[in-house]
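Down below is the structure, laid out as structure tokens.
Please read these numbers as outputs of a predicted model, since none were measured by experiment. What's counted below: heavy atoms across the whole structure, side chains too, no hydrogens, waters or symmetry copies.
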Amino acid sequence: MKPGQDFVFQIDWDYRINEQKVLGGRAGYEVFDDKNALFEVAQWFPRMAAYYDAAGWQHKQFLGSGEFTLEFGDYDVQLTVPADHIVAATGALQNPQEVLSSAQRERLERARGSDKPVVIVTQKEAEAAEKSVSRAQKTWHFKAANVRDFAWASSRKFIWDAQGYKKGGSDVMAMSYYPKEGNPLWEKYSTQAIVHTIEQYNKYSIAYPYPTAISVNGPVGGMEYPMISFNGPRPVKDKKTGELTYSKRTKYGLIGVIIHEVGHNYYPMIINSDERQWTWMDEGLNTFVQYLAQQAWEENYPASRGEPREIVDYMRSRDQVPIMTNSESLLQFGNNAYAKPAAGLNILRETILGRELFDYAFKEYAQRWKFKRPTPADFFRTMEDASGTDLDWFWRGWFYSTDPVDISIDGISEYGVSSKNPETEKAWKKAQKDAQPESVTSRANKGMPRRVDAHPELKDFYNQHDDFTVTNKDRNAYAEALATLEPWEKDLLKQGKHLYLVDLSNVGGMVMPLILEIELKSGKKYVERVPAEVWRYAPKKITKVVITDEPMVGLVQDPYWETADIDTSNNSWPRKITPSRLELFKSEKSPKDNLMRDFQTPLKGSGSAKGDEA
């Protein structure tokens with residue numbers, strides 16, 4: 001086919017919907033105690049293989065981890081289901097007058113201008129539908145333009161609420177579909193989380209271009225498709241009261257997974273990367289923006305991914321492969337493809353580029369590559385081009401290697417600028433001498449009879465004055481030296497600066513900026529930030545000059561734990577004692593072995609490819 005040509009063809013196919021809890025997967029149906037079912041249907045029809053300039057045909061088979069490489073298209077879909085079912089789908093509903101009651105249509109219209117969710121199908125209406133099975137049918141008609149896939153859900157159990165969001169180029173209906181088993185959690189948080197996601201992702205990328213954004217509660221723990229996502233967290237029955245309740249983990253699990261899955265509309269469903277090849281380009285970028293959105297939800301949001309300190313245990317581990325590894329060959333999938341890219345981008349934003357410059361470049365990437373197919377090189381190149389910063393060292397270390405960050409303060413040498421004033425300099429030398437410990441011989445010789453004490457006539461000028469006495473010769477030499485100096489040189493001598501040569505080594509291999517917290521004798525603390533380019537001539541060992549107005553008594557590298565340094569024990573001068581715990585236990589086999597050190601820390605964020613976003 002030449003550009004501008006078209007080809008029309010038809011395919012007949014059938015698709016057997018699986019019971020999700022039995023066979024698993026990213027779609028399927030669920031049967032409830034009341035014998036009603038809830039269907040989440042995806043990956044259910046033949047789709048076009050993708051062809052793009054960087055790789056040609058993407059024909060790698062789907063093996064479970066590497067997800068989708070899809071082309072954009074327009075969908076016109078009619079779904080015939082039992083008449084008592086409610087259907088959620090990719091796209092905009094074309095025939096509400098045929099499938100919804102007048103009351104439901106009125107509620108849907110009212111939701112468009114509401115500042116909070118409006119219930120379209122109430123729990124009472126859903127419970128009434130559960131009690132009987134309709135033998136009639138209805139056809140729901142949906143259209144979706146410029147999307148790369150189509151998914152849908154159907155059940156007579158669905159409660160449905162919605163809220164419109166119209167701002168900054170987006171005009172969207174945020175909608176949630178859930179059974180009564182999802183309440184009171186879903187009615188409170190789901191649609192609010194969708195609106196929040198669009199609001200925050202728009203800020204950091206592009207205006208959401210589609211007419212709907214949907215969250216469905218069903219058997220799938222967390223999975224994304226254009227305009228619709230399947231999300232799993234639900235309340236559980238209280239053992240005493242029998243009422244549905246939820247834990248803190250379930251609450252934030254729901255909010256987090258909705259932000260994540262709705263966020264996938266941006267990465268990779270609009271900024272359309274090749275997931276079959278590079279999982280991090282959708283999961284990693286999306287997890288990073290999810291982290292930003294979660295911070296805007298509430299203070300101290302319990303996010304498990306995004307903070308550099310949360311990735312330290314993984315960075316210490318041995319079984320790693322670089323982020324730039326094919327999706328099917330990743331080890332520690334959740335850490336590699338989700339957590340490490342998100343933490344790296346957070347370091348890039350907070351520590352290396354700064355928020356203003358990073359946010360501009362990151363948004364520029366989304367703007368340039370929306371509805372196109374970017375590769376990793378396109379992302380790296382755009383971030384450098386838009387920020388005006390050479391970041392090759394960062395991509396090479398964080399994405400192409402498994403080197404961790406471990407920067408050590410190896411030693412510090414202190415120097416002062418000589419004032420040349422004999423009164424000052426000899427007093428300084430005397431203080432250094434007096435600070436030395438007395439020798440053991442001198443201590444033992446205390447009270448020893450001395451000849452000069454028995455014969456005072458042996459004492460002269462040198463017995464009355466030590467080596468630190470200022471003489472007229474010293475004063476005259478100082479005056480002669482001052483006469484040769486320019487005024488600015490005289491001022492420099494008076495400043496009394498303290499100079500320190502700080503020896504640092506890059507133990508881990510991954511270079512990073514230096515974040516030096518300097519503590520002075522007066523108790524004052526301040527941070528000096530040194531760009532990563534300080535390592536450019538010697539990537540393993542460097543010496544950094546630190547100049548202070550008063551004596552320095554302490555130095556800490558990376559005081560805020562912002563670079564994922566895997567060993568903070570070598571980050572301080574003087575060294576700090578590291579607190580830990582001993583675990584006492586009884587041993588049935590050997591009473592002698594009753595003391596054990598707990599060295600192992602569980603890896604955070606590890607898990608399966610899907611369902612672990614929460």
Side-chain angles (χ1 to χ4, degrees), residues 1-11 13 26-27 41-62 66-79 88-94 141-152 169-173 197-198 201-202 205-214 223-230 261-279 281-283 285-286 289 327 363-379 382:
M1 290 172 58
K2 294 181 179 180
Q5 288 185 322
D6 58 49
F7 178 72
V8 179
F9 61 99
Q10 293 184 345
I11 296 179
W13 83 95
R26 301 163 191 242
V41 186
Q43 298 169 251
W44 56 290
F45 60 91
R47 293 181 297 195
M48 294 292 295
Y51 182 93
Y52 63 104
D53 56 355
W57 290 106
Q58 176 51 282
H59 49 63
K60 291 183 179 180
Q61 296 300 305
F62 174 62
E67 293 185 316
F68 315 120
T69 306
L70 303 172
E71 297 289 6
F72 292 106
D74 298 340
Y75 287 80
D76 187 338
V77 180
Q78 297 183 48
L79 301 167
T90 297
L93 180 62
Q94 301 298 300
H141 184 193
F142 294 91
K143 285 186 178 181
N146 208 18
V147 294
R148 58 178 220 160
D149 204 354
F150 189 101
W152 55 286
S170 293
D171 187 359
V172 54
M173 284 289 283
T197 303
I198 294 170
Y201 275 65
N202 282 8
S205 54
I206 61 173
Y208 186 82
Y210 295 134
T212 61
I214 296 169
M223 189 60 210
E224 74 280 358
Y225 300 97
M227 299 189 229
I228 187 170
S229 59
F230 303 154
E261 304 303 347
V262 173
H264 270 310
N265 280 281
Y266 299 80
Y267 310 94
M269 282 184 259
I270 297 172
I271 298 107
N272 186 32
S273 60
D274 182 351
E275 299 171 73
R276 191 61 49 86
Q277 182 65 38
W278 300 291
T279 296
M281 285 200 76
D282 68 295
E283 299 295 0
L285 297 185
N286 185 41
V289 186
S327 299
K363 189 162 188 170
E364 184 67 18
Y365 165 70
Q367 296 288 345
R368 289 184 187 181
W369 290 96
K370 61 185 178 183
F371 299 108
K372 298 177 183 177
R373 195 182 305 282
T375 66
D378 298 317
F379 174 68
T382 300

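Listed here is the closest heavy atom pair of P209 and I270: CD-CD1, 3.4 Å. Residues A207 and S170 share a closest heavy-atom pair of C-OG, 3.5 Å. For A49 against W57, the heavy-atom pair with the smallest separation is O-CZ3, 3.6 Å. Considering all non-hydrogen atoms of both residues, W13 and I11 come closest at CE3-O, 3.6 Å. Closest approach of P374 and I271 over heavy atoms only: CG-CG2, 3.8 Å. What you find for I198 and A213 is that their closest heavy atoms are CD1-CB, 3.8 Å.
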**Message:** Using side chain to side chain contact (heavy atoms under 4.5 Å, CB included), reason through Q277 and T69 one step at a time and then give a plain yes or no.
**Reply:** CA-CA 9 Å; Q277 182 65 38; T69 306; over 6 Å; no
**Request:** Report the C-alpha separation of F72 and F371 in whole Å, then their side-chain angles, then the decisive distance to 0.1 Å, and conclude whether the ring pair (Phe, Tyr, Trp, His ring centres under 6.0 Å) test is met.
**Result:** CA-CA 8 Å; F72 292 106; F371 299 108; 5.3 Å; yes
**Request:** Kindly determine whether F45 and F150 satisfy ring pair (Phe, Tyr, Trp, His ring centres under 6.0 Å), including the steps that lead there.
**Result:** CA-CA 9 Å; F45 60 91; F150 189 101; 7.4 Å; no
**Message:** Quick one, N202 with Y266, criterion side chain to side chain donor-acceptor pair (under 3.5 Å). Give me CA distance, side-chain angles, the key distance, then yes/no.
**Reply:** CA-CA 9 Å; N202 282 8; Y266 299 80; 2.7 Å; yes
**Audit row: N265, Y201, side chain to side chain contact (heavy atoms under 4.5 Å, CB included) steps and yes/no** = CA-CA 10 Å; N265 280 281; Y201 275 65; over 6 Å; no
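Looking at Q78, its side chain never comes within 3.5 Å of a backbone N or O of D76 through a donor-acceptor pair. Although no hydrogens or angles enter the test, the distance criterion places a donor-acceptor pair under 3.5 Å between the side chain of D378 and the main chain of T375. S273 places no side-chain N or O within 3.5 Å of a backbone atom of P268 that could act as its donor or acceptor partner. Side chain of Y210 to main chain of N146: a donor-acceptor pair is present (N/O by atom type, distance under 3.5 Å, no hydrogens or angles). Checking side-chain atoms of E224 against main-chain N and O of V262 turns up no donor-acceptor pair under 3.5 Å.
Rounding to the nearest 0.5 Å gives a distance of 8.0 Å between OG of S205 and CD of Q367. To the nearest 0.5 Å, atoms NZ (K143) and NE2 (H141) are separated by 5.0 Å. Put simply, CD1 on I228 and OG1 on T212 are 8.0 Å apart, with the number rounded to the nearest 0.5 Å. Summarising the geometry, atom CG belonging to N272 is positioned 7.5 Å from atom CD belonging to E71; distances are rounded to the nearest 0.5 Å. Taking CG of N286 as the start and CE of M281 as the end, the distance is 12.5 Å to the nearest 0.5 Å. Distance check, rounded to the nearest 0.5 Å: CZ of F142 to CE of M227 gives 11.0 Å.
Taking 4.5 Å as the limit, every side-chain heavy atom of T197 sits out of range of all side-chain heavy atoms of Y208. Inter-residue side-chain proximity for I214 and S229 is flagged as unmet; no heavy-atom pair is nearer than 4.5 Å. Side-chain contact check for P376 versus W278: some heavy-atom pair is nearer than 4.5 Å. Contact of the Q58 side chain with the Y51 side chain is not registered, since no non-hydrogen atoms from C-beta on lie closer than 4.5 Å.
Using modelled atom types and a 3.5 Å distance limit, the side chains of D149 and T90 yield no donor-acceptor pair.
Around atom CD of Q10, no more than 12 heavy atoms belonging to other residues, nucleotides or ligands sit under 6.0 Å away.
With respect to the salt-bridge test (charged N to carboxylate O, under 4.0 angstrom), the residues E67 and R148 do not qualify. Between R373 and D274, no side-chain nitrogen of the basic residue sits less than 4.0 Å from a carboxylate oxygen of the acidic one, so the salt-bridge criterion is not met.
For the pairing with Y225, the side chain to side chain donor-acceptor pair (under 3.5 Å) check across Q43, H264, R26 returns one residue only, Q43.
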